[in-house]
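Lettering of chains follows the sequences in order, A, B, ..., and the numbering in each one begins at 1. Side chains are part of it too, since the values below use all heavy atoms of this structure and drop only hydrogens, waters and symmetry mates.
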Number of protein chains: 2
Amino acid sequence: MTQTPPRPLEGLRVIDLTRALAGPYATLLLAGLGAEVIKVEQPQGGDLARENSPYVGRDGIVVERRHEDDISISHLTRARGKYGVALDLKKPEARQVFADLVRTADIVVENFTAGTADRLGVGYEAARAANPRIVYCSLSGFGADDLEGGKAMDVIIQALSGAMFSSGEPGEPPVRFGIPIADMLAPVFSVIGILAAIEQRHRTGVGQHVDVSMLGALTSFVAIENWSAMAAAGMASRTGLTVRRLSPFGVFECADGYVALVAVHEKLARGLFRAMGAPELGDDSRFASRDVRVANAHDLEERINAWSRGLPTAEVVRRLEAEGVPVAPVRHPEDALVDPRVVGRNETMPIAHPDYDSEIDLRTAGIPIQFSEARTGFDDALPVRIGEHNDAIYRTLLGYSPEMLEKLSAAGVV
Amino acid sequence: MTQTPPRPLEGLRVIDLTRALAGPYATLLLAGLGAEVIKVEQPQGGDLARENSPYVGRDGIVVERRHEDDISISHLTRARGKYGVALDLKKPEARQVFADLVRTADIVVENFTAGTADRLGVGYEAARAANPRIVYCSLSGFGADDLEGGKAMDVIIQALSGAMFSSGEPGEPPVRFGIPIADMLAPVFSVIGILAAIEQRHRTGVGQHVDVSMLGALTSFVAIENWSAMAAAGMASRTGLTVRRLSPFGVFECADGYVALVAVHEKLARGLFRAMGAPELGDDSRFASRDVRVANAHDLEERINAWSRGLPTAEVVRRLEAEGVPVAPVRHPEDALVDPRVVGRNETMPIAHPDYDSEIDLRTAGIPIQFSEARTGFDDALPVRIGEHNDAIYRTLLGYSPEMLEKLSAAGVV
């Protein structure tokens, strides 16, 4: 008999007030690590991500919702493994229900505009009054205390953080990242903050408020490069597809695509020249040492491109690998997501509509962490309807009577 | 009398075998959250990041090292708050020293090529034999069990993960992210894995092996977008500076720079048209509803650019803000890092050579998390020399006698 290993965060319960992407991704990570996540939605409308196109359902994948039971793939992705309750936070009665939930929980996560949770009576102070052990995480655009920052969207934060201007060629426009990096990074730091506060709680017995800003999270990433020092030292910071001070380094064109390669050191450069069928370049005074390769980087890059453009990507990769030069094809996301190394580790995972099969492999983010004594993964729970798990949570967990639930429901609270 | 708040991870000790960027960023986050980090370096050479240009020292910021006490800014950034010991892991005597360190510790982090730590006798099994409570984190390119993956560098992982192909204009080359996103993301997930394993240890009393892959971490981020579903639904996935299915949405050109703006909804679109001095567009049949704006996105984007190109960035921002339209200038990293909102929350922080002032604001990554009952920040420790804290760690912490240390030193072990 084999036992299923536990998940590392089993025993922790999360009250999840989040919506859209940043907040729900934080609670998705907690759910995949084994915490029990109770997703709270407005009875009317619910999470905005329910309205994101495309949808999946009985007609397969469609741009516009056709049937009642079509599900937004965003919602299917982000609400995986979460239990869903309806609660209209604008109703006064909701405060007591929220307090009852918080009393059973370890963690609350919210990503309202700064100030909103307090105004609704579900902010940190209200949660702490109900349960002093609660770890309460606020995720916002500019920080929980910035009441003027306004609505923070991924593209706005990308622009402000410097991330857009770190990519692209000198003199060319900035680059919008095709993945919502600002929306995704703040939740990862939120989970670190939550787990650090849970660790502190083991020492102190009390919880605290954890506050992460999208602008701060992404700007701290940008700040790991020494921008001002590089400028002061006269080094180019924005270098496009290649980095000439490390030449040859970067992305090169093939007949049918692109490869990334790195041949900074002597041995690798000579391997590259052999792969190019031009071993004599290793003794050429323009390319025979790292310093002269950097000085003649433009010429060197043109020679590499002239060679690689004549060959299919797979052949360029094969020839460089044979010489021990680090190289990889620039893959389309659809190809990247089905890499057996990634699939085998559940770093990407299939998702499916609970009732309808899809011919398309709907593959999304997993938990990219392996544990020797634990597993990751999601409970077989999905709030298809708003309030899907009202009974399980309000009756079974909180012990609300049928009469009380009926009353709350009639008043539109749940 | 005010007390300094604690840091959340106080009481945890980390043995840090990492080098370069990915591993050291993981232990930097742990150090900033209050863990005691002991950085282990080869007596000859030490961390590769010590040789990264530019350097700071008595001549200010320089591209090539001039003086013995010039310090690589990479090292100054990444080794902040860490205690440094020398230990030659290739010497047989090092295994006992490593075991002695592990016995005092909670966490080990390494980012050698997969298989190397085991071969050196400092892998998970060796650490567990010394201390069954140890949480041992391996950070590698393709996973701890992938012994053929070879050297993983940021640009290689960016290419394989699909991240490069998610950015840029359709039909144009892929985009290399200007921040080392693959090197930075895996450590953030490593810290989540470590803290989750520490939480599990509170229940079980034993540690475990945590294994994070750079390819898996970045691919999981890319996978949050529904690439295959969007392709099946006929929706463009790679859309460059703007997203036409949300038009107007994206980056637009000004006289002296660029702005990001979002005016997806009716109210925002009308605000944009007023800011443009063309309120009549709100009633124009080509732009009067979301559906027609999307259908005429190309025309709409041209009109916005024609307007914004005639004005300085600051003026475009001012006019759109006055109409309540989400907008932001696309900032250079140097400007982004000194945003008072980010500085005030220590999301970026100054660093300095311990002995020489710099005229340049050397500003780098902080810990982008605020705690109500804790602080973040770094001990005033930096291994300027390799083995800087040998005495404090080997004598005071491990209790090695002067004779024993002398012997280890004479043998080149420490």
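- Heavy-atom distances place no part of B:Tyr136 under 4.5 Å from chain A, backbone and side chain included.
- The distance between the ring centers of A:Phe252 and A:Tyr258 does not fall below 6.0 angstrom.
- Under the 3.5 Å distance criterion, the side-chain polar atoms of A:Ser161 are left unmatched by any main-chain donor or acceptor of A:Leu215.
- B:Gln208 contributes a side-chain N or O that, together with a main-chain N or O of A:Glu373, makes up a donor-acceptor pair within less than 3.5 Å.
- A donor-acceptor pair is defined here as one N or O able to donate and one able to accept, closer than 3.5 Å; such a pair exists between the side chain of A:Thr364 and the backbone of B:Ala223.
- In this structure, the side chain of B:Arg363 engages the main chain of B:Thr348 through a donor-acceptor pair within 3.5 Å.
- Contact annotation for A:Glu10: both backbone and side-chain heavy atoms come within less than 4.5 Å of a heavy atom of chain B.
- Both the backbone and the side chain of B:Met184 come within less than 4.5 Å of a heavy atom of chain A.
- A:Ala152 and A:Gly141 make their closest contact through CB-CA, 3.2 Å (heavy atoms, listed as atom of the first residue, atom of the second, distance).
- Each of B:Ile360, B:Val342, B:Leu195, B:Ile224 has some count of heavy-atom pairs under 4.5 Å with chain A, and the biggest count is that of B:Ile224.
- Between B:Phe165 and B:Trp227 the shortest side-chain heavy-atom distance does not fall below 4.5 Å.
- Using a 4.5 Å cut-off between heavy atoms, B:Leu29 contacts chain A through its side chain alone, with no backbone atom that close.
- A side-chain donor-acceptor contact under 3.5 Å links A:Ser72 to the backbone of A:Asn52.
- Neither the backbone nor the side chain of B:Glu359 has a heavy atom closer than 4.5 Å to any heavy atom of chain A.
- Both the backbone and the side chain of B:Ser228 come within contact range of chain A, judged by heavy atoms closer than 4.5 Å.
- Taking A:Ser138, A:Gly162, A:Pro6 one by one and counting their heavy-atom pairs under 4.5 Å with chain B, the maximum is reached by A:Gly162.
- B:Phe371 and A:Gly193 make their closest contact through CE2-O, 3.3 Å (heavy atoms, listed as atom of the first residue, atom of the second, distance).
- Contact annotation for B:Arg203: only side-chain heavy atoms (C-beta onward) come within less than 4.5 Å of a heavy atom of chain A.
- Chosen from B:Met349, B:Glu347, B:His202, B:His209, the residue pairing most often with chain A at heavy-atom distances under 4.5 Å is B:His202.
- Proximity to chain B is absent for every atom of A:Ile351, based on heavy atoms less than 4.5 angstrom apart.
- Across B:Asp339, B:Val63, B:Asn346, B:Leu160, the residue that shares the most heavy-atom pairs under 4.5 angstrom with chain A is B:Leu160.
- Heavy atoms closer than 4.5 Å to chain A are found in the backbone of B:Asp361, but not in its side chain.
- Contact count versus chain B (heavy atoms, under 4.5 Å) is highest, among A:Ala197, A:Ala374, A:Gly344, A:Ser74, for A:Ala374.
- Counting heavy-atom pairs closer than 4.5 Å to chain A, the top residue among B:Gly257, B:Pro180, B:Ser237, B:Gly34 is B:Pro180.
- Using a 4.5 Å heavy-atom cutoff, the side chains of B:Glu334 and B:Val338 are not in contact.
- Scanning all heavy atoms of the two residues, the minimum distance from B:Leu268 to B:Gly324 falls at CD2-O, 3.5 Å.
- Formation of a donor-acceptor pair under 3.5 Å by the A:Thr219 side chain with backbone atoms of A:Gly216 is not found in this model.
- Neither the backbone nor the side chain of B:Ile194 comes within less than 4.5 Å of any heavy atom of chain A.
- Contact annotation for B:Phe249: only side-chain heavy atoms (C-beta onward) come within less than 4.5 Å of a heavy atom of chain A.
- If you measure heavy-atom distances from A:Ile157 to chain B, you find no contacts under 4.5 Å at all.
- Here A:Pro173 is the residue among A:Gly366, A:Ala186, A:Ala231, A:Pro173 with the most heavy-atom pairs under 4.5 Å with chain B.
- By number of non-hydrogen pairs under 4.5 angstrom with chain B, the leading residue of A:Ser213, A:Ala163, A:Gly250, A:Cys137 is A:Ser213.
- When each of A:Ser167, A:Pro8, A:Ala336, A:Ala365 is checked for heavy-atom pairs under 4.5 Å with chain B, A:Pro8 comes out on top.
- Considering only heavy-atom pairs separated by less than 4.5 Å from chain A, the leading option among B:Val175, B:Val210, B:Thr376, B:Ile192 is B:Ile192.
- When each of B:Ile367, B:Val262, B:Leu33 is scored by its heavy-atom pairs under 4.5 Å with chain A, the top score falls to B:Val262.
- Residue A:Val206 does not touch chain B at all, counting heavy-atom pairs closer than 4.5 Å.
- Using a 4.5 Å cut-off between heavy atoms, B:Val155 touches chain A through backbone and side chain atoms alike.
- Nearest approach of A:Val317 to A:Val259, heavy atoms of both residues: CG2-CG1, 3.8 Å.
- Ranked by heavy-atom pairs under 4.5 Å with chain B, the list A:Ala260, A:Gly11, A:Pro54 is led by A:Pro54.
- Between B:Glu169 and B:Leu241 the shortest heavy-atom distance is OE2-N, 3.3 Å.
- Side-chain contact of A:Arg245 with B:Ser53: a donor-acceptor pair under 3.5 Å is absent, judged by distance alone.
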